[in-house]
Amino acid sequence: MKPIVCLLLLCAASAALAARPASHAPATANDESPWFCHDLDCPKFTVVKNITDDVQLRRYAAGKWASTVVTGVKYDKAVATGFWRLFKYISGNNEPQQKVEMTAPVTVRVIPSQGPFCEDNFTISFFVPFEFQSSPPQPSDEAVYIEDRPALEVFVSSFGGWATGSSYLSQAADLTEMLEDAGHDIITDHFYTAGYDSPFRLLNRHNEVWILAGKPSQQQQAGKDGAAAVAAA
Ligand SMILES: *[C@@H]1O[C@H](CO)[C@@H](O)[C@H](O)[C@H]1NC(C)=O
Ligand SMILES: *[C@@H]1O[C@H](CO)[C@@H](O)[C@H](O)[C@H]1NC(C)=O
């Protein structure tokens, strides 16, 4: 059984959530920041291909992220724990006690458990603002680290509204199925969620799931490094 499917069945079966109508304007941006980043720094990407109205293949530039790993709890709890650690980091819990601007999106790398206990592995990350990309403040909390994320090629499915663990999971399962049916090479042992909005934004909310493009042979490596480097095309 595919890990994502396993995660869905075992962990999210009870969390029923009606899927929202997903139509949501895609990113047009290449150089300029897309609308859903609003006025926050967000990582640069180019759109390689529009696959449907809501699904794109994007190429992200390499960049630094502040990250923290949370395991052994469900998605929403893991994200709350990780978010709080990272929020303290940007509020000055770092060596120079530097305040760091909030960015978008907050990504969560989900490595679904292969075993029976759903001990999923979540890495919650904030993008480091452009002004600190070359020398991010060193985290004081040893659970927080600076991740050098390589360039990534990802299939992105966008949706609006209020995303929860179960809505992200069903989006990831739908996207996986759609891409596999269309014969795309994808990495299925982990995926990312990307949330762009604080709870205070009531309208025009934007959420994404990212599935890495790549050959299944990159799977092991991807899981270990947390990200698959895109071979220079
Ligand atoms: C993708 O769609 C957007 C919006 O319709 C368009 O502006 C952009 O040029 C398209 N990109 C590609 C690579 O086809
Ligand atoms: C979670 O994933 C990270 C990154 O892939 C890895 O370093 C860590 O050992 C994993 N932790 C657990 C408990 O599986």
Side-chain angles (χ1 to χ4, degrees), residues 3-4 6-7 10-11 22-37 42 44-61 63-75 77-79 81-83 85-86 106-126 139 141-160 165 172 175 178-179 182 184 187-193 204 206 208 210-214 218-230 233:
I4 289 171
C6 162
L7 184 72
L10 295 174
C11 299
S23 187
H24 210 60
T28 55
N30 280 326
D31 288 332
E32 46 185 286
S33 188
W35 68 266
F36 47 74
C37 293
C42 67
K44 292 199 188 309
F45 64 86
T46 55
V47 177
V48 179
K49 196 174 178 203
N50 292 312
I51 297 185
T52 67
D53 282 353
D54 302 311
V55 178
Q56 295 182 320
L57 177 59
R58 294 185 190 160
R59 184 175 295 133
Y60 275 92
K64 291 196 168 66
W65 297 69
S67 295
T68 188
V69 175
V70 181
T71 58
V73 288
K74 297 262 167 70
Y75 180 92
K77 192 150 188 241
V79 173
T81 301
F83 187 95
R85 286 182 199 155
L86 296 171
V106 177
T107 65
V108 183
R109 180 173 59 236
V110 182
I111 306 177
S113 156
Q114 308 284 342
F117 301 115
C118 290
E119 290 279 311
D120 306 314
N121 185 326
F122 303 101
T123 306
I124 299 90
S125 305
F126 287 5
D141 180 348
E142 60 184 28
V144 176
Y145 61 98
I146 301 300
E147 173 188 342
D148 247 317
R149 196 176 289 180
L152 293 179
E153 209 163 273
V154 288
F155 291 98
V156 177
S157 170
S158 298
F159 59 108
L175 180 60
M178 190 263 258
L179 295 170
H184 292 287
I187 289 177
T188 54
D189 64 355
H190 67 293
F191 63 94
Y192 288 84
T193 68
N204 295 323
H206 184 79
E208 299 170 345
W210 299 358
I211 290 182
L212 276 75
Q218 290 171 266
Q219 204 106 282
Q220 207 57 1
Q221 197 57 28
K224 210 182 307 149
D225 294 345
V230 178

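Treat the numbers as computed from the prediction; the structure is a model and nothing was measured. Counting starts at 1 for both ligands and their atoms, in listed order.
For Thr68, the side-chain hydrogen bond (donor to acceptor under 3.5 Å, both in side chains) partners at least two apart in sequence or on another chain are Arg85.
With atom 2 (O) of ligand 1 as the reference point, the heavy atom nearest to it among Asp53, Asn50, Val47, Ile51 is part of Asn50. Residue nearest to atom 11 (N) of ligand 2, selected from Asp120, Thr123, Val70, Asn121: Asn121 (by heavy-atom distance).
The two atoms that bring Tyr75 and Gly165 nearest to each other are CD2-CA, 3.3 Å, heavy atoms only.
For ligand 2 and Thr71, the ligand atoms under 4.0 Å from any heavy atom of the residue are 12 (C), 13 (C). In summary, the atoms of ligand 1 found under 4.0 Å from a heavy atom of Val48, numbered by their order in the structure, are 13 (C).
A donor atom on one side chain and an acceptor atom on the other are found under 3.5 Å apart for Thr107 and Arg149.
Checked against Trp210 for a ring-ring contact (aromatic ring centres under 6.0 Å, His included), the options Phe45, Tyr60, Phe155 give a single hit: Tyr60.
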